[in-house]
J.: 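For reference, the structure I am asking about is given below.
Within every chain, numbering begins at 1; the chains are lettered A, B, ... in the order of the sequence lines, protein sequences first and strands thereafter. Just so it is clear, the model here is predicted, and its values are computed rather than measured.
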2 protein chains.
Amino acid sequence: MSTRDKLLLAAQEALVEDGITHVSARTVATRAGVNQALVFYHFGTVSELVAAAARARTGASLDHYREQFAAVDSLTGLLALGERLHAREREEGNVALMAQLMAGAQRDEVLAGAARHAMDVWRAEVESVVRRVLAPSPVADVVDADGLARAISAAFIGLELYDGVDPDGAAAAVTALERLGVLLEVVEDLGPVARRAVRARLRRVKR
Amino acid sequence: MSTRDKLLLAAQEALVEDGITHVSARTVATRAGVNQALVFYHFGTVSELVAAAARARTGASLDHYREQFAAVDSLTGLLALGERLHAREREEGNVALMAQLMAGAQRDEVLAGAARHAMDVWRAEVESVVRRVLAPSPVADVVDADGLARAISAAFIGLELYDGVDPDGAAAAVTALERLGVLLEVVEDLGPVARRAVRARLRRVKR
DNA sequence: GTCTATAAGATGATAGAC
DNA sequence: GTCTATCATCTTATAGAC
């Protein structure tokens with residue numbers, strides 16, 4: 001593995017395991033087993049290293065989930081994928097990495113750019129699923145798939161951040177969402193009834 | 001204002017405006033207009049200062065929202081409160097502060113304690129609303145109010161974190177959630193029908 | 001309680017030898 | 001590309017005068 005890649009991997013691990021506050025040229029270089037000066041040779045600044053690490057990770061991690069996203073064809077399926085994703089994220093920490101990136105991005109335009117990019121990659125993936133799943137439903141008329149995908153992604157980031165601080169609490173949150181799945185099933189069962197109700201309500205709302 | 005309070009306020013502002021990575025005894029003391037050594041005299045460590053600042057802020061901020069939480073009596077009302085809350089949070093940054101706290105808490109037990117406490121204060125407030133709003137609904141049988149309150153709170157934290165990086169994207173997310181409000185109205189309208197459907201589904205699910 | 005001074009270490013970044 | 005200095009700066013934290 002090249003030094004460059006060693007640094008990228010080490011930066012990713014550092015973000016996930018230690019958080020953005022403990023990331024420095026020296027801590028990352030030590031973790032990578034390379035010299036500290038090489039951070040600046042290969043990336044110029046620490047922020048650029050972190051940004052590059054985040055970009056590499058989001059690409060790779062979404063490649064892994066892509067098939068599963070593509071296979072989802074129902075609301076309950078989307079929720080189930082969310083649960084599996086959370087279970088895997090507890091080990092992988094791809095989303096936790098994004099949370100750390102965003103936290104550090106508040107006053108760092110380089111990190112902010114990487115954060116927006118990461119968010120956009122996730123948004124695109126979630127959006128296509130949301131669009132597909134809701135297409136046959138009356139709900140499609142009311143839903144803004146782009147915005148909803150952003151909301152779902154942001155919510156997920158908050159959840160993974162919470163998990164790092166209180167795993168039991170986060171587990172309770174996930175379990176609660178699981179149980180809400182029953183309601184989704186009801187909505188799906190209700191198909192025609194709900195469709196009429198939504199249509200009626202929409203006529204009233206759209207002035 | 002006492003030096004202690006100046007430091008607490010400065011630490012809160014620093015967290016919201018600059019983020020946890022830029023918080024140090026010196027930056028906060030400068031912002032407070034006091035000597036750097038006083039951080040250690042009053043709080044012992046920087047982490048203790050940050051933790052105290054976060055505790056003070058969550059208490060004060062929730063006092064402000066408490067009446068509004070108490071006034072919510074419907075699902076749509078809860079969603080509407082969420083929107084108003086987000087609008088105010090864009091200026092106040094109480095939730096953004098929690099996000100920064102959680103990001104820094106990954107390897108810092110002092111911050112982690114404060115983060116869990118802040119989360120618990122929010123959870124309690126949200127939980128009571130969720131419980132009250134859903135009590136008359138058939139949904140109450142399926143919902144775990146504690147876990148759901150945690151999920152909602154965590155989602156909100158993710159949203160405010162996202163807002164700091166991409167305000168337009170976050171605004172789109174909020175707008176999408178607003179539009180989902182129409183669906184909530186439908187569910188509320190559907191009352192009796194939904195009740196029967198949920199009951200039926202529950203009989204099937206609970207083996 | 002507040003200040004100055006200072007220790008002891010970490011940090012970003014560069015120059016120059018190999 | 002990699003290493004060894006080396007800087008100037010920033011950091012936490014303490015001792016001691018006021």
J.: Would you jot down, in residue-number order, the residues of residues 5-12 of chain B having a non-hydrogen atom under 4.0 Å from DNA chain C?
T.: none

J.: Checking B:E109 now: which residues fulfil side chain to side chain donor-acceptor pair (under 3.5 Å) with it, not counting sequence neighbours?
T.: B:R116

J.: Hey, can you pull the donor-acceptor pairs under 3.5 Å for the side chains in residues 36-56 of chain A, sequence neighbours left out?
T.:
unit_1	atom_1	unit_2	atom_2	d
A:T45	OG1	A:E48	N	3.1
A:S47	OG	A:D108	OD2	2.5

J.: Kindly state each residue pair satisfying salt bridge (charged side-chain N to carboxylate O under 4.0 Å, His left out) with at least one member in residues 31-47 of chain A, sequence neighbours excluded.
T.: A:E13-A:R31, A:E17-A:R31, A:D18-A:R31

J.: With sequence neighbours excluded, what pairs up with B:R88 under the salt bridge (Lys or Arg N to Asp or Glu O under 4.0 Å) test?
T.: B:E92

J.: Give me each pair satisfying salt bridge (charged side-chain N to carboxylate O under 4.0 Å, His left out) with a member in residues 95-105 of chain A, each pair once, sequence neighbours excluded.
T.: none

J.: For a quick test of your reading: what N or O donor-acceptor pairs under 3.5 Å do the side chains of residues 2-10 of chain A make, sequence neighbours left out?
T.:
unit_1	atom_1	unit_2	atom_2	d
A:S2	OG	A:D5	N	3.1
A:S2	OG	A:D5	OD2	3.4

J.: B:S74: what forms a side chain to side chain contact (heavy atoms under 4.5 Å, CB included) with it, not counting sequence neighbours?
T.: B:T76, B:E188

J.: Could you tell me how the ring of A:W122 sits relative to the ring of A:F69: parallel (under 30°), tilted (30 to 60°) or perpendicular (over 60°)?
T.: perpendicular

J.: Counting only pairs under 3.5 Å, give me each side-chain donor-acceptor contact of residues 94-105 of chain B, with atom names and distances, residues two or more places apart or in other chains.
T.:
unit_1	atom_1	unit_2	atom_2	d
B:N94	OD1	B:R57	NE	2.6
B:N94	ND2	B:E89	OE2	3.1
B:Q100	OE1	B:I20	N	2.7
B:Q100	NE2	A:A103	O	3.1

J.: Among residues 104-111 of chain B, which residues get a heavy atom nearer than 4.0 Å to DNA chain D?
T.: none

J.: Under the salt bridge (charged side-chain N to carboxylate O under 4.0 Å, His left out) rule, what pairs show up with a residue in residues 66-85 of chain A, not counting sequence neighbours?
T.: A:D63-A:R66, A:R66-A:E125

J.: Mark up nucleotides 2-18 of chain C, 5' to 3', with B wherever a protein heavy atom is under 4.0 angstrom from a base atom, S wherever such an atom reaches only the sugar-phosphate, and - elsewhere.
T.: BSB------BBBB----

